[in-house]
Amino acid sequence: MKKFLALLLAFLLIFCCACTPQEESPNVEGVLQVYFIDVGQADCALIIQGEHAMLVDGGNVADGPDVISFIKSKKINTIDVVVATHAHEDHIGGLGAIIDNFTVNKIYSPVKDYDSVCFEEFKDASDRQCGISICKKGETFNLGSALINVVWATDSSKEDTNNTSIVFTLKFGKITYLFTGDAEHDVESRIVDSGADIKADVLKVGHHGSNTSSSYYFLRTVLPQFAVISCGKDNTYGHPHNQVTERLLQADATVLRTDKLGTILISTDGENITVKYGDVTQTVEGETATPALQPTGYIGNKNSKKFHVNGCKSLPKEENRVILDSREEAINNGYTPCGMCKP
């Protein structure tokens with residue numbers, strides 16, 4: 001009987017191991033290409049790994065035909081995964097038309113319902129294919145040899161729509177990309193506090209470079225080598241905001257903007273990164289990101305009970321300052337973040 005039980009246990013272990021989905025391949029094959037498509041004041045990225053393709057957002061409604069042409073120019077007929085980061089028109093507007101022009105195997109969104117015409121068009125097109133799947137935090141899946149890990153996703157009606165954005169890392173060999181949708185400071189802080197691994201070589205900057213996103217606290221953890229901002233020329237929002245570009249430069253990130261450079265391709269073989277836009281091509285070998293924004297403490301104001309990063313324009317007078325070793329210490333001692341430097 002004991003022998004039988006031992007054999008049965010061994011069989012079950014082998015069976016379970018064989019059936020467990022593999023989250024990542026031990027070795028990467030080929031290259032990973034990520035096109036940050038110029039769709040003006042909107043977002044759209046096409047990811048290609050071998051014979052596999054993934055689309056992240058689809059720009060505004062008017063951008064649909066141009067995105068379709070771009071995807072077809074890459075000889076793509078099937079899109080493995082479409083990710084609608086959140087329900088705003090500048091992210092999902094073009095997806096209805098795009099989905100109708102390709103075979104799509106999986107469609108992720110934080111919600112299945114939203115009160116807008118373009119979302120209904122996106123939903124109807126999705127239903128004609130595979131339907132919408134609600135994306136969950138902690139979900140992982142592969143795109144060829146690349147691994148996608150969802151670090152934030154919620155369909156909570158209590159969240160502002162921007163903060164329902166699907167945030168995920170895309171790993172290929174030693175190189176990591178981080179996509180943030182329009183997630184704002186509060187979500188950025190919750191992601192960092194969760195302990196998620198979001199250190200990335202390439203950051204798709206949140207909310208088109210708005211000051212609502214890309215806090216010091218977040219950038220200290222991500223420490224991107226390249227930061228891509230998708231925004232339109234002379235847009236009425238003033239994106240990207242100066243505070244954001246300053247924070248990115250302090251992080252020693254190379255800032256790349258679609259309003260200035262057009263569509264940007266950042267590809268990797270898993271070791272090195274190649275950036276291409278227009279006639280310009282630059283290859284960076286190995287990991288060269290500099291941790292310029294490593295935590296070095298904060299400065300608290302004894303009177304206002306606000307805390308700041310060193311260099312903030314609203315730092316208190318010397319006699320009113322207190323040095324705080326960490327953000328946690330500041331908050332535990334009753335200090336709140338400065339609204340200007342957003343530590």
Side-chain angles (χ1 to χ4, degrees), residues 17-37 44-57 70-71 73-83 85 102-106 108 135-153 166-181 191 195-205 221-228 253-254 256 263-277 280-291:
C17 290
C19 294
T20 301
Q22 297 301 304
E23 291 187 353
E24 61 182 317
S25 303
N27 299 303
V28 297
E29 295 182 2
V31 297
L32 177 73
Q33 297 174 303
V34 181
Y35 291 91
F36 298 93
I37 302 173
C44 184
L46 176 66
I47 303 165
I48 303 173
Q49 207 292 294
E51 297 179 351
H52 303 279
M54 175 173 167
L55 186 69
V56 183
D57 293 330
F70 185 87
I71 297 172
S73 75
K74 304 304 173 188
K75 311 300 181 186
I76 293 170
N77 297 312
T78 299
I79 301 175
D80 295 70
V81 182
V82 168
V83 174
T85 59
F102 300 91
T103 299
V104 180
N105 295 332
K106 192 81 173 182
Y108 283 113
C135 197
K136 300 294 185 183
K137 183 171 70 171
E139 193 162 348
T140 61
F141 57 92
N142 289 93
L143 185 77
S145 297
L147 175 67
I148 291 87
N149 180 32
V150 180
V151 298
W152 177 263
I166 297 169
V167 180
F168 65 91
T169 58
L170 170 69
K171 295 178 183 288
F172 189 77
K174 296 180 180 178
I175 305 301
T176 301
Y177 300 68
L178 177 63
F179 290 79
T180 59
I191 292 171
D197 180 9
I198 55 171
K199 171 72 177 71
D201 303 276
V202 180
L203 170 66
K204 214 302 282 159
V205 175
T221 304
V222 180
L223 291 174
Q225 186 175 354
F226 295 98
V228 180
T254 298
L256 305 167
T263 294
I264 300 161
L265 167 63
I266 303 184
S267 58
T268 180
D269 59 3
E271 293 275 351
N272 310 306
I273 297 173
T274 299
V275 178
K276 185 174 183 180
Y277 50 88
V280 177
T281 302
Q282 175 191 3
T283 299
V284 179
E285 296 183 357
E287 298 178 28
T288 60
T290 303

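The basis for the numbers below is simple: all heavy atoms, side chains too, and nothing from hydrogens, waters or symmetry mates.
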Subject >> Check against side chain to side chain contact (heavy atoms under 4.5 Å, CB included), Met54 and Ile148 >> reply: CA-CA 11 Å; Met54 175 173 167; Ile148 291 87; 4.1 Å; yes
**OP:** Measure the CG-CD1 distance between Asn77 and Ile71 for me, rounded to the nearest 0.5 Å.
**Re:**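 These two atoms lie 11.0 Å from each other.
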**OP:** Would you sort out whether Thr274 and Thr283 count as a side chain to side chain donor-acceptor pair (under 3.5 Å), showing the intermediate values?
**Re:** CA-CA 4 Å; Thr274 299; Thr283 299; 3.1 Å; yes
**OP:** Can you see which heavy atom on His52 is nearest to which on Asp80, and at what distance?
**Re:**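 Heavy atoms only, the tightest pair is ND1-OD2, 3.1 Å.
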Original post:
Nearest heavy-atom pair of Thr268 and Asn272: which atoms, and what distance?
Top reply: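 So the minimum-distance heavy-atom pair works out to OG1-O, 2.7 Å.
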**OP:** Compare every heavy atom of Val150 with every heavy atom of Cys135, then report the nearest pair and how far apart it is.
**Re:**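 So the minimum-distance heavy-atom pair works out to SG-CG2, 3.6 Å.
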Subject >> Value rounded to 0.5 Å, distance of CD1 in Ile76 from CD in Glu51 >> reply: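 It comes to 11.0 Å.
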Original post:
Roughly how far apart are Asn149 CG and Leu178 CG, rounded to 0.5 Å?
Top reply: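 That separation rounds to 10.5 Å.
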**OP:** Might you work through the side chain to side chain contact (heavy atoms under 4.5 Å, CB included) test for Lys106 and Val82, ending with a clear yes or no?
**Re:** CA-CA 6 Å; Lys106 192 81 173 182; Val82 168; over 6 Å; no
Original post:
Within the side chain of Gln33, is there an N or O that forms a donor-acceptor pair under 3.5 Å with the backbone of Leu265?
Top reply: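 Not confirmed, Gln33 side chain does not pair with Leu265 backbone.
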Subject >> Check against side chain to side chain contact (heavy atoms under 4.5 Å, CB included), Ile47 and Leu143 >> reply: CA-CA 9 Å; Ile47 303 165; Leu143 185 77; 3.7 Å; yes
**OP:** Working to the nearest 0.5 Å, report the span between OG1 of Thr140 and CZ of Phe168.
**Re:**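 The distance works out to 13.5 Å.
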**OP:** Evaluate the side-chain proximity of Tyr35 to Lys74: yes if any heavy-atom separation is below 4.5 Å, no if none is.
**Re:**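 Result yes, sub-4.5 Å side-chain heavy-atom pair found.
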Original post:
Any side-chain heavy atom of Ile166 within less than 4.5 Å of one from Trp152?
Top reply: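 Sidechains of Trp152 and Ile166: no contact.
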**OP:** Considering only NZ, NE, NH1 and NH2 on the basic side and carboxylate oxygens on the acidic side, decide whether Asp201 and Lys171 come within less than 4.0 Å.
**Re:**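 Result for this pair is no, no salt bridge flagged.
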**OP:** Locate the shortest heavy-atom distance separating Asp197 from Thr169; write the atom from each residue and the value.
**Re:**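 The pair with the smallest heavy-atom distance is O-CG2, 3.8 Å.
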**OP:** Locate the shortest heavy-atom distance separating Val275 from Leu256; write the atom from each residue and the value.
**Re:**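 Heavy-atom minimum between the residues: CG1-CD1, 3.9 Å.
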**OP:** On the 0 to 90° scale, with breaks at 30° and 60°, tag the Phe36-Phe179 ring pair as parallel, tilted or perpendicular.
**Re:**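 Ring orientation of Phe36 relative to Phe179: parallel.
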Original post:
Are side-chain heavy atoms of Val228 and Leu203 found at a separation under 4.5 Å?
Top reply: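 Not touching, per the 4.5 Å side-chain cut-off.
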Original post:
For residues Asp57 and Thr85, is any side-chain donor paired with an opposing acceptor at under 3.5 Å?
Top reply: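 Result is yes, a qualifying pair exists.
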Original post:
Looking at Tyr177 versus Phe172, is the centre-to-centre ring distance below 6.0 Å?
Top reply: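 Ring-ring flag for Tyr177/Phe172: false, centres at least 6.0 Å apart.
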Original post:
Any donor and acceptor pair, going by atom type alone, linking the side chain of Ser145 with main-chain N or O of Glu29 inside 3.5 Å?
Top reply: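 Indeed, once roles are kept as given, a pair shorter than 3.5 Å links the two residues.
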Original post:
Going through the checks in order, is the side chain to side chain contact (heavy atoms under 4.5 Å, CB included) test met by Ile273 and Ile175?
Top reply: CA-CA 8 Å; Ile273 297 173; Ile175 305 301; 4.0 Å; yes
Original post:
Of the non-hydrogen atoms in Thr263 and Ile37, which two are nearest, and what is the gap between them?
Top reply: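 Taking Thr263 first and Ile37 second, the nearest heavy atoms are OG1-CA, 3.7 Å.
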**OP:** Evaluate the side-chain proximity of Leu32 to Asp269: yes if any heavy-atom separation is below 4.5 Å, no if none is.
**Re:**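 No, every pair of side-chain atoms sits at 4.5 Å or beyond.
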**OP:** Determine, using ring centers only, whether Tyr108 and Phe141 are less than 6.0 Å apart.
**Re:**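 So the answer is yes for these two rings.
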Original post:
Considering only heavy atoms from C-beta outward, does the side chain of Thr78 approach that of Asn105 to under 4.5 Å?
Top reply: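 Thr78 reaches Asn105 side chain to side chain.
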